[in-house]
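Order of appearance sets the numbers: ligands from 1, and atoms from 1 within every ligand.
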Amino acid sequence: MAKITLSNLRHSYLANPKGPEDYALKEIDLDWMDGGAYALLGPSGCGKSTLLNIISGLLSPSEGRILFDDQDVTALAPDKRNIAQVFQFPVIYDTMTVRENLAFPLRNRGVAASKIAERVAEIAALLEVEEMLDIRAAHLSPDNKQKISMGRGLVRDDVNVVMFDEPLTVIDPHLKWKLRSKLKELHQRVKATMIYVTHDQTEALTFADQVVVMQDGEVVQIGTPVELFERPQHTFVGHFIGSPGMNLLPAEESSGGRVSFQGQGVALEGPIKGAGGLTQIGIRPEYVTLGAAGVEAQVRKVSDVGRHCVVEAIAGPTLVKAIVPGDPPLQGETVHLGFRQDQTRLYRDGWVATEAAT
Ligand code: ADP
Ligand code: MG
């Protein structure tokens, strides 16, 4: 196991990159601490697989270095890096049995037969594939093939890091939840560093202690699930995480550090930083209240999502979403929107521009 450091990392798939738009990874500086459970979360195309392939050595970065426990491994071949990588689609040997597939990474390294049998039994129990051990992999369903592929990633106990690149894509929805909890359980048991790549916030938030959020080749925030929810550093995080995501309201900024929305002053979590740029007020639907006073709005839509209702109300040209626990208003009704102060912040050109409430 090791701490993994990415230092000044940039990558372009082009031979002669010009502007930042030519880079799949723009500038990454990141430490993955030994034993951490990380998720790498971001939309399709933001550079997640590129980053994993650079860590595992399948790809050599255009610029920057990769360190394992402060040792430069940038030039080291993948098989010398001691990493297990599980891909989006199963990588197994069809002609081998499940048992042989699971044993392969250990046999390949000359591990003693008794130890191999022990590890294979342990992983098979964990993934609940014991009854399949003597079946040829060719006969497995896609779900089970991917389970075995994951098992091959987990069977060694001497790796620096186990990386999963969207491993549940081909898995049945009802099995997804189960496998995800298994991975979490496994992480707690073996304490290996794990990096789990996904574009699905639920997967990221249930698996990881720390979530690294990427957008467009850049890391926009690293934090616990609670931190990402409670204090998004960037509007992208606010919008991408949460259901529905954070409201972004056009802010009118006036001198003296005041901000208003629809002509009414809005109290922010703390003092404003910086000046100029595009300013938006960020407030999660959970913290928008409907009351007697506040910004006037008309209810456009009410959706009952079980435990609460999502109310969409229009204030001037802006749609605002509120999560309402009790009786919701009716469509067409006039409501007044309130914003909980310690959860209301200003964003400037996407980045948070208020000091945190103390
Ligand atoms: P993600 O895994 O987050 O979906 P990728 O790392 O696969 O994103 O891709 C990041 C960007 O790099 C995308 O714009 C993608 O089109 C591009 N890209 C990925 N692989 C290659 C490749 N082999 N050659 C050229 N461009 C690539
Ligand atoms: Mg990918």
Side-chain angles (χ1 to χ4, degrees), residues 4-30 32 37-66 73-74 77-78 81 83-92 142 145-146 149-150 152-153 161-171 173 176 179-180 183 193-208 210-223 225 228 232-241 245 350:
I4 297 175
T5 305
L6 307 177
S7 167
N8 292 310
L9 210 65
R10 303 207 322 144
H11 188 71
S12 175
Y13 287 100
L14 305 178
N16 294 303
K18 299 193 172 68
E21 67 281 1
D22 288 345
Y23 283 83
L25 295 179
K26 296 207 169 76
E27 166 88 54
I28 308 275
D29 282 283
L30 201 55
W32 310 85
Y38 291 95
L40 185 55
L41 174 68
S44 179
C46 73
K48 304 181 297 296
S49 295
T50 303
L51 191 60
L52 278 204
N53 292 340
I54 285 175
I55 295 174
S56 64
L58 294 176
L59 200 61
S60 178
S62 313
E63 293 169 40
R65 298 187 307 151
I66 304 111
V73 300
T74 318
R81 292 192 189 190
I83 279 178
Q85 190 169 6
V86 178
F87 299 91
Q88 202 167 355
F89 299 100
V91 179
I92 54 172
K145 281 189 180 176
Q146 184 65 346
S149 206
M150 290 171 77
R152 283 165 48 98
V161 56
V162 189
M163 306 195 296
F164 301 91
D165 195 350
E166 315 221 23
L168 303 183
T169 310
V170 292
I171 303 274
K176 266 190 191 179
L179 278 182
R180 215 162 51 209
L183 279 181
T193 311
M194 289 191 186
I195 304 177
Y196 187 97
V197 169
T198 178
H199 62 270
D200 179 321
Q201 56 160 317
T202 314
E203 278 190 14
L205 301 180
T206 46
F207 172 73
Q210 291 279 317
V211 181
V212 177
V213 185
M214 279 184 78
Q215 180 203 22
D216 209 6
E218 285 179 293
V219 172
V220 284
Q221 187 168 358
I222 304 170
L228 298 179
Q233 296 293 300
H234 194 278
T235 51
F236 175 77
V237 177
H239 197 75
F240 198 67
I241 290 172

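Annotation: side chain of Lys145 is not in contact with side chain of Val170 (no heavy-atom distance under 4.5 Å). Looking at Val197 and Leu51, their side chains never come closer than 4.5 Å, going by heavy atoms from C-beta outward.
Using a 4.0 angstrom heavy-atom cutoff, Ser44 counts as in contact with ligand 1.
Distances from the Mg ion (ligand 2) under 2.8 Å pick out these protein N/O/S atoms: Ser49 OG.
Ser12 and Asp22 share no donor-acceptor pair across their side chains, judged by distance under 3.5 Å alone.
By the definition of a contact as any protein heavy atom under 4.0 Å away, atom 15 (C) of ligand 1 is not in contact.
Residue Gly47 has at least one N or O atom closer than 3.5 Å to an N or O atom of ligand 1.
Which parts of ligand 1 touch Thr50 is read off a 4.0 Å heavy-atom cut-off, strictly below it: atoms 5 (P), 6 (O), 9 (O), 10 (C). Heavy-atom contacts of Ala24 reach the following atoms of ligand 1: 11 (C), 12 (O) (cutoff under 4.0 Å).
Not a single ring pair (Phe, Tyr, Trp, His ring centres under 6.0 Å) links His199 to another residue, sequence neighbours left out. Residues that satisfy the ring pair (Phe, Tyr, Trp, His ring centres under 6.0 Å) test with Phe87, not counting sequence neighbours, are absent from this structure. Applying the ring pair (Phe, Tyr, Trp, His ring centres under 6.0 Å) criterion to Tyr23, with sequence neighbours excluded, gives no partner residue.
A distance of 9.5 Å separates OG in Ser56 from CD1 in Ile66, rounded to the nearest 0.5 Å.
In this pair, Phe236 and Phe240 present their aromatic rings parallel. The plane angle is below 30°, not in the 30 to 60° band. Ring geometry for Trp32 versus Tyr38: interplanar angle over 60°, hence perpendicular rather than tilted (30 to 60°).
Between Arg180 and the choices Thr206, Asp200, Thr198, the side-chain hydrogen bond (donor to acceptor under 3.5 Å, both in side chains) rule is met once, by Thr206.
Nearest to atom 7 (O) of ligand 1 among the protein's heavy atoms is Ser49 CB, 3.8 Å. With respect to atom 4 (O) of ligand 1, the closest heavy atom belonging to the protein is Gly45 N, 2.7 Å. Here the protein heavy atom with the shortest distance to atom 19 (C) of ligand 1 is Tyr13 CE1, 3.4 Å.
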